[in-house]
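One structure below.
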Amino acid sequence: MSDAGAPAPAPPAIRAADAVRKKLARIGLHSEADLLVHLPLRYEDETQITRIIDAPWGVPVQVEVVVQASEIQYQPRRQMIVKAKDSTGTITLRFFSFYPSHQATLAIGKRVRAFGEVRSGFFGAEMMHPRFVAVAQGDPLPSGLTPVYPTTAGVSSNTLRKLITAALADGDLSDTLDDALRQRLKLPGLARSVHFLHAPTVGTAVEALHARNHPAWRRVKFDEVLAQQMCLRRAYLARRQQGAPALIAADDLGARLVDRLPFALTGAQRRAMDEIAGNLSQPYPMQRLLQGDVGAGKTIVAALAACQAISAGWQVAFMAPTEILAEQHYLKLKSWLEPLGVRVAWLTGSLKTAARRVQLAATAAEAQLVVGTHALIQEGVDFAKLGLAIVDEQHRFGVAQRLALHNKGANPHQLMMSATPIPRTLAMSYYADLDVTVLDELPPGRTPIKTRLVADNRRADVVAFVAQHIAEGRQVYWVCPLIEESEALQLQTAQDTYQQLSGDLPALRVGLVHGRLKASEKQTVMAAFAAGDIDLLVATTVIEVGVDVPNASLMVIEHAERFGLSQLHQLRGRVGRGAHESSCILIFAGPLSESARLRLKIIFENTDGFEIARQDLKLRGPGEFVGIRQSGVPLLRYVDLELDADLVDMAREVAEEMLTQLPEQAERHLKRWLGSREELLKS
Ligand code: ADP
Ligand code: MG
């Protein structure tokens, strides 16, 4: 929102020393209000003291002891060893990391309560890294469960607990959901829920709290995801208000393209096209994400959208993340559209100055469709009348790049495409500022890809299989390992593999493509592969996205254990595009880490990109996953997208309702949950 006038006063800062404040800021705690909704990770039961003699091993208990001896040892590693006793026995408290304050609290003669698991150590009962507090004899025990907060180095859980308790005493927890709404959603009040989570009443089953499905947890989770939904929804509505040209087709260009296609559109493609066509003919900008598994046929849908814009007298920009992909799109779109009289131009960074000038002039003037890489968004590229911006593999671009393309026109419609399937819950949550269309149907006649896992000591068998495959007239990709530490090393490996395979298979035409080749060299190799003049293409991950050569039906991936799930899925999706049976061989080298083993198992067992994405989400959590979204979206701290899918659904509905009907309440809600981060999110 762009209200003029004085900025809102900063919310009250945390009442603590500057040094503590700085540390808390590192974990997103800036204000007193932030403290209120900084909720416990877990709880411990410190309402009782266990006698050392009674302490069961392996279960967290609390003992109250007096320190007998305390020393720091340096062998075999630095540690602080504290001997302490109660009236029934002695116990050793062992710390591998400690501060001077530890030594002061645990000096000889001091009385402390220590909380942790008791184990059998060298000297008998022992606690490793117990939490502890100094007490005087007869100090009362806490009456409720003790919350354990996520904290940061240098701020103890105790300190944080005190700050939070103080904040709760006078903090504003007035409800932003009114009674009627709360009843409809069957959620408890906010103040009650928050107080409860910070200090659960005695007798509460810790399990329900830890599983986070207690009604109090559901309430705060709902609030959190509601704030996220409102934040994104507001951005969506604001963009919509700006208005855009209504693109009403003036002729039957799209229908003529469909007539010329060698295939019939799938039902999903037609449904997607209808949704897009509806958006484009409205006087406000489309903001649509077209999702579809690899090979679902997104390009033709984009081409039909382009037809509508062109037919309405506007220009279309089509941006792809790599030169290989951009050129492939250019060639395909040209072959589809030029015969229909559409003027298609091509713009990438690698064009020579003179050629570039020609294309730039075309862009500015007569071109109707301009295809290219991010060269499209550079300065000096001017569109006469940009009405639709299409971004392929949108997750490869940053927010700024997408915005730059958008700014090449007077608020053009936007179609974003992604072949990285996003699980439904994640899409609903993190992409709430976009309309989403899913192509949930593959073109007919595709035979499923067979996936095999092969240990690297059987590489010779794989080479033989490749030779046999090519003898049958097919083509093969051979992808070299990803080497994250060094691009140079990755290049070296690709070159070595190329040499080796050329030696092993002298009768075959082997090609090599990698990121360091000049764009024109890359194009030559890819064109030769597409034309069938190369049998075996050794490649780095430059071929990961979009490349479409239907006669290629075998994909070999070396060191598959080093790749991420979505990458493996993308790479595998390069085959299975023609009528021939396709396979993917994943060569792996042991020993495998647990997560590598899981990834290989998932990719082996699944072909559906959405299912793979769902499992990936479970494996890695949304934090990593949402990297695909390039920030700008409030992360969820408490909501679990799998577990709390119903809350996300509810929040979506309520967000729109609240923004339009109760704007003041909506603002308060956003302030509470996004606090100082909200400013960031608006930019
Ligand atoms: P992606 O969704 O991965 O971008 P593409 O648009 O590259 O997929 O399409 C994959 C292949 O499927 C292309 O060769 C394309 O021409 C072909 N294709 C697209 N739609 C259909 C269809 N309805 N029937 C048959 N083949 C199709
Ligand atoms: Mg594609």
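Numbering of ligands and ligand atoms starts at 1, following listing order. Positions are given from 1, in the same order as the sequence printed here.
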Using atom types as modelled and distance alone, determine if a side-chain donor or acceptor of R599 lies under 3.5 Å from a backbone N or O of G564.
no
Have [X] and [Y] got a donor and an acceptor in their side chains that come within less than 3.5 Å?
X    : Y    : value
S429 : Q228 : yes
Y284 : N411 : no
E275 : T437 : yes
H559 : D456 : no

If I take atom CG from residue L512 and atom SG from residue C480, how far apart are they, to the nearest 0.5 angstrom?
7.5 Å
Could you tell me whether F318 and H329 have their ring centroids closer than 6.0 angstrom?
yes
For [X], the ligand 1 atoms whose distance to one of its heavy atoms is below 4.0 Å:
X    : value
T299 : 4 (O), 5 (P), 6 (O), 7 (O)
T266 : 23 (N)
V294 : 3 (O)
A264 : 22 (C), 23 (N), 24 (N)
P443 : 20 (N), 21 (C), 22 (C), 24 (N), 25 (C), 26 (N), 27 (C)
R577 : 3 (O), 7 (O), 10 (C)

Looking only at non-hydrogen atoms, find the nearest pair between H569 and I612 and report the distance.
ND1-CD1, 3.5 Å
Consider every N or O of [X] and every N or O of ligand 1, then say whether any pair is closer than 3.5 Å.
X    : value
W336 : no
G297 : yes
L265 : no
P550 : no

Determine, considering heavy atoms only, which of L325, L261, D548 sits nearest to atom 13 (C) of ligand 1.
D548
Under-4.0 Å heavy-atom contact with ligand 1, by part of Q291 that carries it:
neither
With the threshold set at 4.0 Å, does a side-chain nitrogen-carboxylate oxygen contact exist between K522 and E327?
no
Is there a heavy atom of G292 sitting under 4.0 angstrom from any atom of ligand 1?
no
Is M417 in contact with ligand 1, taking contact as a heavy-atom separation below 4.0 Å?
no
